[in-house]
Protein chains: 2
Amino acid sequence: MAKASGSSTKLSKKAYDSKVSRVRQDLINLQIDLQESRTKIVLILAGVEGAGRGAALNTLMGWLDPRNVETIAVDEPSNEESERPFMWRYWRSLPSSGRIGIFVDSWYTQTLREETDSRKELNKLDDELHRIRHFERLLADSDTLVIKLWFHLSKDDQGQRLEQLRGDRSTAWRVTDHQVRAHKAYQRLSRTAEHILAETDRPGARWDTIESLEPKLRNLAFAQTLLRRFRAHHRRISKRNQSGPVKPSRIVALRPDGRQRLLELPLDHTLTSRAYENKREKWLGRLNRAIRQAHEAKRTVVFVFEGQDAAGKGGAIRRLTSAVDARNYRIIPVAKPTDEEKKHHYLWRFWRQLPRDGRVVIFDRSWYGRVLVERIEGFCYPHEWRRSFAEINDFEEQLHDHGSIVIKYWLQISKDVQLERFRSRETTPYKQHKINDEDWRNRKQWSAYETAVGDMLALTDTAHAPWSLIPANNKRYARLEVLRHAAKRISAALQE
Amino acid sequence: MAKASGSSTKLSKKAYDSKVSRVRQDLINLQIDLQESRTKIVLILAGVEGAGRGAALNTLMGWLDPRNVETIAVDEPSNEESERPFMWRYWRSLPSSGRIGIFVDSWYTQTLREETDSRKELNKLDDELHRIRHFERLLADSDTLVIKLWFHLSKDDQGQRLEQLRGDRSTAWRVTDHQVRAHKAYQRLSRTAEHILAETDRPGARWDTIESLEPKLRNLAFAQTLLRRFRAHHRRISKRNQSGPVKPSRIVALRPDGRQRLLELPLDHTLTSRAYENKREKWLGRLNRAIRQAHEAKRTVVFVFEGQDAAGKGGAIRRLTSAVDARNYRIIPVAKPTDEEKKHHYLWRFWRQLPRDGRVVIFDRSWYGRVLVERIEGFCYPHEWRRSFAEINDFEEQLHDHGSIVIKYWLQISKDVQLERFRSRETTPYKQHKINDEDWRNRKQWSAYETAVGDMLALTDTAHAPWSLIPANNKRYARLEVLRHAAKRISAALQE
């Protein structure tokens, strides 16, 4: 796995300067190349205490162009962080296209730091490592260059180094209590670190070791390792860029049973206006109670509304929110991503919108756009949307594991009813903004959508985040179904 | 001040529907117009309990195009919020160009809510109102349409309304304890509210009152008030857009004494390499101690580095950070704003970067770009950069009032030294990325910059955030000056 760079021999100032001058030049050039190819770079600095990560980083910052680099240090989670799934704090810190994010602390820090003082249960550690592997895989899959460096010192060298610093009045302040404790526990920490490194050394997220005894050699090894990784990545993407843009392809079902489930749904229902109003008040009341209980229990409710154009998502959402204190919910209408969002993984914009514990968030369209419009219109490569079923399931599982209640609705109407509603939108002045050419274009793809929706239903209908199909030809019926179902789902989840 | 809209008479369903249909159409059209003219709209919903703000908002959301609207509800501050200046939480929620931010809770909420249970000291209230006025002024000045609505009910009507809701089993859940308490304290709250409304009813941030007895009339009044304000704003900006783009104008000093101070600074100093190294370690140690003390005292240190191109900001910053734990500082290199940042007030991107309590943040260039490059290159209107001196002073005062230590450096070099460094950058391969045509263009404006810097020094050299001028012809001398000054400033601030 980890290759050792650098060695323990001394280097003359002259030899160092000459090497540095070359390495700086190559680093800068490659940094600019990677920036122009819009690469995201995640650089993780980990290692034993006293190895001089901070000093090495400081030197590196003088060698890189700092304008597109940011240093991310993560310490004790704030309540905004601890009231969201564990990985939220790292998602929010990821670098965007063309930028380098240097994690002085990372998703490894807590794991390693806790080990300094007490031994973690093996189960918990393995869960964390599983999560880390998944996250790094997701980054690597989405063309993030993940560089993980382990700054290494032997126990003796660590001891000597701390002594040396402590011995000089002008540097004694550099030695912290944490470092002293870490030195005492060197053997144990070292075994844990080896385990962690072995378990997270995976394609696309390899560890490199930096020998850190001699500062000059350490800095050089650091820069040379970066250089090697930059260069390899640049070669890889230069090749791939020749493969050309995405072409929309024919939509073939991965899971015909999903489409079948959709087609078998009876869409027409009758409901008198009076029966609707009576039942609505009843279910609004229950829903309000359930949501207040969820709030008190600090459980967040995440609603996802998907459905064809004109299926009535907006109306259903408004009935739903009339049961919720306006201070407690937020609707996220999902349209085109902003420029900042485009420079990130497609899930980033949704992670970004996750509320703190005990809130309600309603996505009016969602991350499922990836396997619907993006698949059908060819906005991403087939291997990208195919991969996203698993990424989405994992995302929702993280929400669920954190205690959030994930409720997903697909509102289904017939093709005739859509036509009727489109026409009514065109002729009702205050509805005209709701209809445009794109809607008519999507309508032509009706059958492709049926296939894509079918696949989505079959592949993302999980125990922790099941889909509910809502027949929506009758608007009142659909709204009531949503209220009733939401009230029941939340109450049930609170009793689990 | 506040104009009353709506009245207490009943309205037939038919008359209501016909009015609604007209008002919806106009609202949508104006919303789209304002969106296209990239207007930012801040809509504040305040008022007495039980007036039905939530229901009115829900109705409105059905009338507007929700894609560019977001609802902002602010409750108890998170620690990320309370560990930053008070207004941070509102800055982070401001809508960007072309969007509407509806504040269900706003900077008025806490003020009003606290009054429900206990009476606030008049001094504290007046401070808050002063801050609010300033903030709304800043918004209005930067072309944000600020609409503030007060939903009004008389005490009797409020009582009746609560009774009515409580009497019906299906709506009883809508009445909260807070509302009951607010009803009891109606008279007192009402007097406070009148005071607050009067004190914050200012040009560009007027209050409108919505009579809220009858829901249909209330909703109509709400929509009509919006319509009126949208229309007036649209008319105003349509006129102004004809006034054309900004033209760069001749740079005339506002405060020649500032430029004089700059010119009188002796720039050349000698310092042997050995003397430098000795002193550096000493001051790094002191700085480290001071920063650790600040960290423990939960005081944030905000560094601002400004200076001519090639004045040595980057090098000085790296020496400084070598005294700080890498987990504890963040460098913000300020270059062009991102697209999201461009859609906000020019200070938004800096508010966004403020760290939590006890951290160090270093701005490599800063908000002073507004009165330097933006002034000189004509990137904004003269009335805009002129206004920003006061806005910046206020911003820094908010940092200071929150407990942050604001340290600002201007690194000054002579024109000859700049030329020397430019040439060295051009001929040293790994420095070539540091020099481009823009640097040469800026150099031609040397004297204009002297004037602008002089004005900046004179107009933003405040007691809470003074400027320090650093002679920087000798790099070592400049770096040492920064270390020494920073250590002293922080220690002194901690003892205050």
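Throughout, a chain's letter reflects where its sequence line sits, starting with A, and its residues are numbered from 1.
Comparing Ala55(B), Ser96(B), Ala335(B), Gly62(B) by how many heavy-atom pairs each has under 4.5 Å with chain A, the most go to Gly62(B). Ranked by heavy-atom pairs under 4.5 Å with chain B, the list Asp364(A), Thr428(A), Asp339(A) is led by Asp339(A). When each of Arg356(B), Gln432(B), Glu340(B), Lys431(B) is checked for heavy-atom pairs under 4.5 Å with chain A, Glu340(B) comes out on top. Between chain A and the options Arg289(B), Lys434(B), Arg359(B), Lys343(B), heavy-atom pairs under 4.5 Å are most frequent for Arg359(B). When each of Ser78(A), Ser21(A), Pro66(A) is scored by its heavy-atom pairs under 4.5 Å with chain B, the top score falls to Ser78(A). Counting heavy-atom pairs closer than 4.5 Å to chain A, the top-ranked of the candidates Tyr430(B), Tyr329(B), Trp63(B) is Tyr430(B). Between chain B and the residues Ile28(A), Leu45(A), Asn79(A), the largest count of heavy-atom pairs under 4.5 Å involves Asn79(A). Across Thr71(A), Asn288(A), Leu27(A), the residue that shares the most heavy-atom pairs under 4.5 angstrom with chain B is Asn288(A). The candidate with the highest count of non-hydrogen atom pairs below 4.5 Å against chain A, out of Ala323(B), Gly54(B), Gly314(B), is Ala323(B).
Residue Arg286(A): no heavy atom, backbone or side chain, is found under 4.5 Å from chain B. Contact annotation for Arg292(A): only side-chain heavy atoms (C-beta onward) come within less than 4.5 Å of a heavy atom of chain B. Proximity to chain A is limited to the side chain of Arg53(B), based on heavy atoms less than 4.5 angstrom apart.
The pair Asp26(A)-Arg22(A) does not count as a salt bridge, with every side-chain nitrogen at least 4.0 angstrom from each carboxylate oxygen. Comment: Lys336(A) does not engage Glu341(A) in a salt bridge, judged by the lack of any side-chain N to carboxylate O separation of less than 4.0 angstrom. Between Asp309(B) and Arg425(B) there is no salt bridge, since no side-chain nitrogen of the basic residue lies less than 4.0 Å from a carboxylate oxygen of the acidic one.
Not counting sequence neighbours, the partners of Arg92(A) by the salt bridge (charged side-chain N to carboxylate O under 4.0 Å, His left out) test are Glu81(A), Glu80(B).
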With a cut-off of 3.5 Å and sequence neighbours excluded, list every side-chain donor-acceptor pair involving residues 315-322 of chain A.
| from | atom 1 | to | atom 2 | distance (Å) |
| --- | --- | --- | --- | --- |
| Arg319(A) | NH1 | Gly315(A) | O | 3.0 |
| Thr321(A) | OG1 | Ile317(A) | O | 3.2 |
| Thr321(A) | OG1 | Arg318(A) | O | 3.1 |
| Thr321(A) | OG1 | Asn58(B) | OD1 | 2.9 |
| Thr321(A) | OG1 | Asn58(B) | ND2 | 3.4 |
| Ser322(A) | OG | Arg319(A) | O | 2.7 |

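In this model, no donor atom of one side chain and acceptor atom of the other lie less than 3.5 Å apart for Asp65(A) and Gln31(A).
Residues His433(B) and Ile32(A) are in side-chain contact: their nearest non-hydrogen atoms beyond the backbone lie under 4.5 Å apart. The shortest side-chain heavy-atom distance between Pro355(A) and Arg330(A) does not fall under the 4.5 Å cut-off.
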